[in-house]
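Down below is the structure, laid out as C-alpha cells.
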Amino acid sequence: MDNTVTWFEVSTDDPDGAERFYGGLFGWAYTRDTSGAMDYRLVTAPGADQPTGGLYNTKGEFPSHAIFHVQVADVDAACEKAESLGGKVVFKIIDDGAGTDFAYLLDTSGNKFGVFHRRD
C-alpha cells in the first residue's frame with residue numbers, strides 16, 4: 001500500500017552479531033538473499049508470511065544504521081515533493097535493474113529515510 005512503511009533495513013559491519021541480537025530480542029528469522037552480489041539477509045518476523053526487512057553487511061564501508069522505507073507510487077514525485085517541503089534527496093536510483101526505484105531522503109530535522117516503488 002502506497003505511503004506506508006513497508007520495509008526496514010539494518011546496516012552493520014557485524015551482520016552475524018546483529019542477527020543474534022535482533023533474533024534473540026524479537027525472534028526474527030533470516031534468509032540469505034541470493035539475487036545480488038552483496039551480503040543481504042531478508043528478515044521475517046515470527047508469524048509473518050514474508051520478509052518485511054533486511055540486514056545489510058556494510059563491510060565497514062559506511063556507518064552502521066537502521067532506516068525505514070516508505071512505499072510510494074512514484075519515487076521522482078516523492079523526491080520533488082520532499083524537496084518542496086524543505087527535505088533533501090541524498091541518493092536516488094530509478095530502475096535499479098531489478099525493477100525497483102528508490103531514494104534516500106532527509107527530513108527537515110536531518111533524519112534519513114527511504115522511499116521506494118516496485119515496478120512489477
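Residue numbers count from 1 along this sequence. Hydrogens, waters and symmetry mates play no part in the numbers below; they use all other heavy atoms, side chains included.
- Annotation: the span from M1 atom CE to Q71 atom CD amounts to 9.0 Å, rounded to 0.5 Å.
- Of all heavy-atom pairs between P46 and W28, the closest is CD-CD1, 4.2 Å.
- Between F116 and T6, the closest side-chain pair of non-hydrogen atoms falls below 4.5 Å.
- How far CG of L85 is from CG of L105: 11.0 Å, rounded to the nearest 0.5 Å.
- With hydrogens and angles disregarded, a donor-acceptor distance shorter than 3.5 Å links the side chain of T12 to the backbone of D14.
- Side-chain contact of S109 with N111: a donor-acceptor pair under 3.5 Å is absent, judged by distance alone.
- Atom OH in Y22 sits 8.5 Å away from atom OH in Y30 (nearest 0.5 Å).
- With rounding to the nearest 0.5 Å, the separation of CG in N57 from OH in Y40 is 12.5 Å.
- Taking 4.5 Å as the limit, every side-chain heavy atom of F8 sits out of range of all side-chain heavy atoms of H69.
- Using a 4.0 Å cut-off between charged side-chain N and carboxylate O, K92 and D76 make a salt bridge.
- The structure places CD of E9 at 8.5 Å from CG of L55, a figure rounded to the nearest 0.5 Å.
- Ion pairing between D39 and R32 holds under the 4.0 Å rule for side-chain N and carboxylate O.
- Residues G87 and T108 share a closest heavy-atom pair of N-CG2, 4.2 Å.
- Of the possible donor and acceptor atoms, one in the side chain of H117 sits under 3.5 Å from a partner among the backbone N and O of V72.
- Salt bridge status for R41 with D16: present, with a side-chain N to carboxylate O gap under 4.0 Å.
- Ring centroids of F113 and W7 are separated by 6.0 Å or more, keeping the two rings apart.
- A salt bridge links D101 and R119; the closest N-O separation between the charged side-chain nitrogens and carboxylate oxygens is under 4.0 Å.
- In this structure, the side chain of T58 engages the main chain of G60 through a donor-acceptor pair within 3.5 Å.
- Taking hydrophobic clusters as Ile, Leu, Val, Met, Phe, Trp and Tyr residues chained together by side-chain heavy-atom distances below 4.5 Å, Y104 shares a cluster with F62.
- No path of Ile, Leu, Val, Met, Phe, Trp and Tyr side chains, each step under 4.5 Å between heavy atoms, connects L42 with F68, placing them in separate hydrophobic clusters.
- To the nearest 0.5 angstrom, T100 atom OG1 is 3.5 Å from R118 atom CZ.
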